[in-house]
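In what follows, chains carry the letters A, B, and so on, assigned in the order in which the sequence lines appear, proteins first and then strands, with residues in each chain numbered from 1. For the numbers below, each heavy atom of this structure counts, side chains included, while hydrogens, waters and symmetry mates do not.
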Amino acid sequence: MSSGGRPIRVLNVAEKPSVAKAVAGILSQGGGMRVREGRSRFNKIFEFGYTIRGQQCQMLFTSVTGHLMELDFDDRYRKWHSCDPIQLYRAPVVKYVPEDKMDIKRTLEEESRNCQWLVLWLDCDREGENIAFEVVEVCTQANRHLNVWRARFSALIDRDIRESVEALVRPNQLFADAVDVRQEIDLRIGASFTRFQTMLLRDAFHLDFARDNRNVVLSYGPCQFPTLGFIVERYWEIQSHEPEEFWTINCTHNSDEGIATFNWMRGHMFDYTCAVIIYEMCIQEPAATVSVTEVAWNSSFTTNAAVKLSQTVPNYNHEWYWGSACSKVAKVRQEEKLKYPPHPLTTIELEKRASRYFRISSEQTMKVAEDLYQAGFISYPRTETDCFSQRTDLRAIVQEQQGHPVWGSYAQRLLDPGEGLWRNPSGGGHDDKAHPPIHPTKFSSGESRWSQDHHRLYELVVRHFLACVSKPAVGAETTVEVDIASELFSASGRVILEKNYLDVYRFESWGGSMIPTYTFGQQFAATTLTLDSGVTRPPTLLSEADLLNSMDKAGIGTDATMHDHIKKLLDRCYATKDSNTRFSPTNLGEALVMGYDDMGYELWKPYLRAMMESDMKLVSTGAKRKAEVLETCLEQMKACFLDARSNKAKLFEAMEVFFERSGRSGADEQQAGGDITRRCGVCQESDMVLRRKPDGNFMVGCLGFPQCRNVVWLPGSLAEAAVTTNTCSICTPGPVFMIQFKFRRLEIPHNYNVDHLARAGPTTTSSSNQQRNPRQIACTHCMQYGHSSNVCPSQVSHSSMARSQGVNQQNGKISYLS
DNA sequence: GCAAGGTC
């Protein structure tokens, strides 16, 4: 690979300090590793010697902390009032290293200069590949002779790491491109819609939840809105639910051994007459017949409530019948059933289970998990992997837990071959190729500085892990099917034979209920046979676990960000969470979704994100080019944005359902609506927009107000003024949009045309710096000061119409200038 | 003041 006896100096960069430390530790096995400080106090530099394919290397190992760079608009477009939001679809964007990452950048630059190789140890996912290219950009700027390599590893395990060093590859540009696409689309869509809807609605309504409207931001994001959409959609389902009455026949039988409750196998019947007829048949026909129907197995851990939107609850007892109906046992089935332990723990499962078992929010779960990870008690908490690598020493992890006062004895039983409790964990088939499932990495019987949540989450991680390597619980199930007048009823009971993993996984249970013994062909008289009624109930509000589930299925967010999106909805006052972790939309959240829904857009549905995700896949495989995907996606979104803007009345109507109009809606709404004529020639930063003041007069003012006070007052004789799509062919910098004027007939000479096309002219820098009477009137043709339209320099050259119709107002008088 | 994605 390289010649000579001098060792190659290799700069290795990992995505986070912990990985740098771990990999350096593995490769330097046997010692000789030195640690020194970099410029960033979190990102140390590890140094040691290593031999790669026979080549002596001096290894320097450091890290970044996630993305090194950020994407944002060019300075000129960063301020909210700097431009019409529509321009954000074309405005130049820049990738830059933010201030808080500059020290990491400097370390990379300094170390790069003294190295020949750069080896990238970033996580093996798309984001990791993108970060790799950020690192490459910084490092090769400092040393363009660097030989750049990528290490591919799937776990921080000796063999994996050593093998990946021997099989270095080049970084994959396509993976990084896919992330570039996502970043740019998210930024442009997010910023444009956020600015638009904030400026449109914030001041137009009394937002009762906010102390000060000025601080309210009505954000839009391709992840936060679909998440809100899930909440609103469920809320609407509940509101639109119409209870429906149903009927069902229930049967019980008391014997010496106990009571059995038989359920009608038809379930619920919505036709009363039909139900009554069958019921009559049952009580009049004592003879039972034998059926050959297979017994359906009802999974005890998939409850109806979780599967069906409408739950049914009997609430009315119609009639009693005592005694003589004869039931015959048509079938008795006894089977062994297994209840399997969960798959190894992923981030989303951790969040869902913490919410279900302890009602800890996903945000708090991630905060505490990060803490436990930092302190070395659990493995990396952001993972999608739900199967362990075959090389993981699972028994060693169990061994560590043997001393625990509560679950230590279970760990001992697991390791005892005589117990036969061990089972190699099954996986769910997900592997992010970057991190193992969440598991304990250090024993603790509780630390003094731990909060209750720390205790609970550590316990959950440990018990979950122990459960994963345990045998499933074993139960004996009996299902008895009886036949009354050809109607089938069934009852089942379960006895748990071996608890196995349930012994340690106290969060799950497996309900056992006994029923009396029945034998095939046995006849008995039902103790009660009743026709009961009930009503269908609406589904419940979404719980945090439900919400995470919906997001996961629809591909909204990542394991590391889902909790952020949920929190954002609460922070933005789009949704609330009750004590039972159930989410409801607020008025604001509902209004926004309603507004977009009324427009007929699915901006609040997950499809947009799903489309982006599939486009990203195509980019990452090379099936589509980055520029092509960006172009088409942004073009579509831009069209959608324009459409939404022209349909802004729908948003207003939806908001009016919940909020009172404030009467204020001035400059901001104007901008959201966008009547931009040209770029401001004074500050050169913001746009000039056409506005009508409360006194009825028109003006063209800079959006940079009050920082920039550039303004052009239009003649008071105007009845109407509107920015057109015609652009001036002379004025620079373009585009300069022409304004259509309509004068008041009575205020201008009778032979003057009321319609007039002009442009808001270039206010030169020199004239704008002078103190100016704000009421000074500009030339109506080019909107410049210092001359009247009859001597307007631009008139002679191009606009014959304007020339013949020039008009000026001076000293309150209209004078016609031909 | 805006997105979502990394991460401390």
Side-chain angles (χ1 to χ4, degrees), chain A residues 14-21 40-44 63-73 77-83 85 88-89 91 93 95 97-98 100-101 103-104 122-123 125-135 176 178-200 202 210 212-227 347 366-367 369-371 373-375 380-382 432 434-435 551 555-568 571-572 603 608-609 612-613 616 637 641 668 672:
Chain A
E15 189 158 322
K16 40 193 160 285
S18 62
V19 171
K21 190 178 178 186
S40 152
R41 71 190 173 91
F42 299 111
N43 308 83
K44 312 277 183 215
S63 54
V64 287
T65 42
H67 276 287
L68 186 57
M69 297 181 170
E70 271 175 25
L71 189 72
D72 206 345
F73 296 107
Y77 297 88
R78 249 180 241 198
K79 285 189 193 145
W80 276 45
H81 289 279
S82 67
C83 68
L88 298 179
Y89 287 90
V93 286
K95 236 185 190 188
V97 179
D100 62 337
K101 298 285 173 74
D103 45 7
I104 298 177
L122 294 125
D123 292 356
D125 51 23
R126 283 192 304 227
E127 293 294 332
E129 212 66 21
N130 190 269
I131 300 171
F133 278 88
E134 294 173 355
V135 171
V179 172
D180 282 342
V181 169
R182 178 197 57 70
Q183 286 179 341
E184 197 173 325
I185 294 175
D186 283 346
L187 174 67
R188 292 185 190 277
I189 295 176
S192 59
F193 273 93
T194 299
R195 289 185 194 181
F196 161 66
Q197 64 185 24
T198 303
M199 292 191 283
L200 180 70
R202 179 180 56 188
D212 184 354
N213 272 28
R214 281 173 301 183
N215 298 328
V216 172
V217 172
L218 305 180
S219 63
Y220 174 89
C223 284
Q224 47 179 285
F225 251 58
T227 306
T347 304
M366 291 315 289
K367 214 186 262 170
E370 178 67 27
D371 227 36
Y373 161 68
Q374 289 295 331
Y380 190 67
R382 288 177 281 275
D432 64 15
H435 306 285
M551 294 170 76
I556 302 298
T558 68
D559 52 345
T561 61
M562 277 159 129
H563 67 274
D564 279 337
H565 301 312
I566 295 175
K567 180 167 184 290
K568 186 149 275 170
D571 290 346
R572 296 277 189 231
L603 284 170
L608 176 65
R609 196 73 192 166
M612 273 175 62
E613 182 58 36
M616 276 175 73
M637 281 312 293
F641 179 85
D668 265 0

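- Rounded to whole Å, the distance from CG on Asn130(A) to P on dT7(B) is 13 Å.
- If you measure from atom CE of Met612(A) to atom P of dG5(B), you get 8 Å, rounded to the nearest angstrom.
- OP1 or OP2 of dA3(B) lies within a sub-4.0 Å distance of a side-chain N or O belonging to Ser219(A).
- Of the side-chain N and O atoms in Lys568(A), one or more sit less than 4.0 angstrom from OP1 or OP2 of dA3(B).
- Considering only heavy atoms from C-beta on, Arg182(A) comes within 4.5 Å of Val179(A) through its side chain.
- Going from atom CG of Asp180(A) over to atom C1' of dA3(B) covers 15 Å, rounded to whole Å.
- The CZ atom of Arg195(A) sits 11 Å away from the P atom of dA3(B) (whole-angstrom rounding).
- Considering only side-chain N and O atoms, Gln224(A) lies under 4.0 angstrom from the phosphate OP1 or OP2 of dA4(B).
- In terms of the ring-ring contact (aromatic ring centres under 6.0 Å, His included) criterion, Phe73(A) has no residue partners (sequence neighbours excluded).
- Set against dG6(B), dC2(B), dG5(B), the side chain of Ala560(A) has dG6(B) as its closest nucleotide.
- Between Thr561(A) and dG5(B), a side-chain N or O to OP1/OP2 separation shorter than 4.0 Å is present.
- Of the candidate nucleotides dG5(B), dC2(B), dG1(B), dC2(B) has the atom nearest to the side chain of Ala191(A).
- Look at Arg182(A) and you won't find any side-chain N or O under 4.0 angstrom from OP1 or OP2 of dG6(B).
- Checked against Thr227(A) for a side chain to side chain contact (heavy atoms under 4.5 Å, CB included), the options His565(A), Lys568(A), Arg609(A) give a single hit: His565(A).
- Taking every side-chain heavy atom of Arg78(A) into account, dC2(B) is the closest of dG1(B), dG6(B), dC2(B).
- At the heavy-atom level, Tyr380(A) lies under 4.0 Å from the strands shown only through sugar-phosphate atoms.
- No contact: Ile185(A) has no heavy atom under 4.0 Å from any strand.
- Here the nucleotide nearest the side chain of Ile131(A), chosen from dA4(B), dG1(B), dG6(B), is dG6(B).
- Residue Asp72(A) forms a salt bridge (Lys or Arg N to Asp or Glu O under 4.0 Å) with just one option from Lys95(A), Arg78(A), Lys79(A), Arg188(A), and that option is Arg78(A).
- Comparing dC2(B), dG6(B), dA4(B) by their nearest atom to the side chain of Thr194(A) picks out dC2(B).
- Between Asp564(A) and Gln183(A), the one whose closest nucleotide on DNA chain B sits nearer the 5' end is Gln183(A).
- OP1 or OP2 of dC2(B) sits under 4.0 Å from a side-chain N or O of Arg572(A).
- Across dA4(B), dG1(B), dT7(B), the shortest atom-to-atom separation from the side chain of His565(A) is found for dA4(B).
- Gln183(A) is not listed as a side-chain neighbour of Val93(A), based on a closest heavy-atom distance of 4.5 Å or more.
- Nucleotide dG1(B) holds its C1' atom 18 Å from the CZ atom of Phe193(A), rounded to whole Å.
- For Tyr77(A) and dC2(B), the shortest distance from a side-chain N or O to OP1 or OP2 is not below 4.0 Å.
- The Asp123(A) side chain lies nearest to dT7(B) when the options are dT7(B), dA3(B), dG5(B).
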Pair Val64(A)-Leu122(A), side-chain contact (heavy atoms from CB on, under 4.5 Å): steps then yes or no: CA-CA 9 Å; Val64(A) 287; Leu122(A) 294 125; 4.0 Å; yes

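- Taking 4.0 angstrom as the limit, Thr558(A) places a side-chain polar atom (N or O) nearer than this to OP1 or OP2 of dG6(B).
- Here Tyr220(A) does not count as stacked on dA3(B), because the ring centres are not under 5.5 angstrom apart with planes under 30°.
- When heavy atoms are screened at a 4.0 angstrom cut-off, Gly128(A) is found touching no nucleic acid atom at all.
- In this structure, Ile189(A) and Glu370(A) both approach DNA chain B, and ranking their closest nucleotides by distance from the 5' end singles out Ile189(A).
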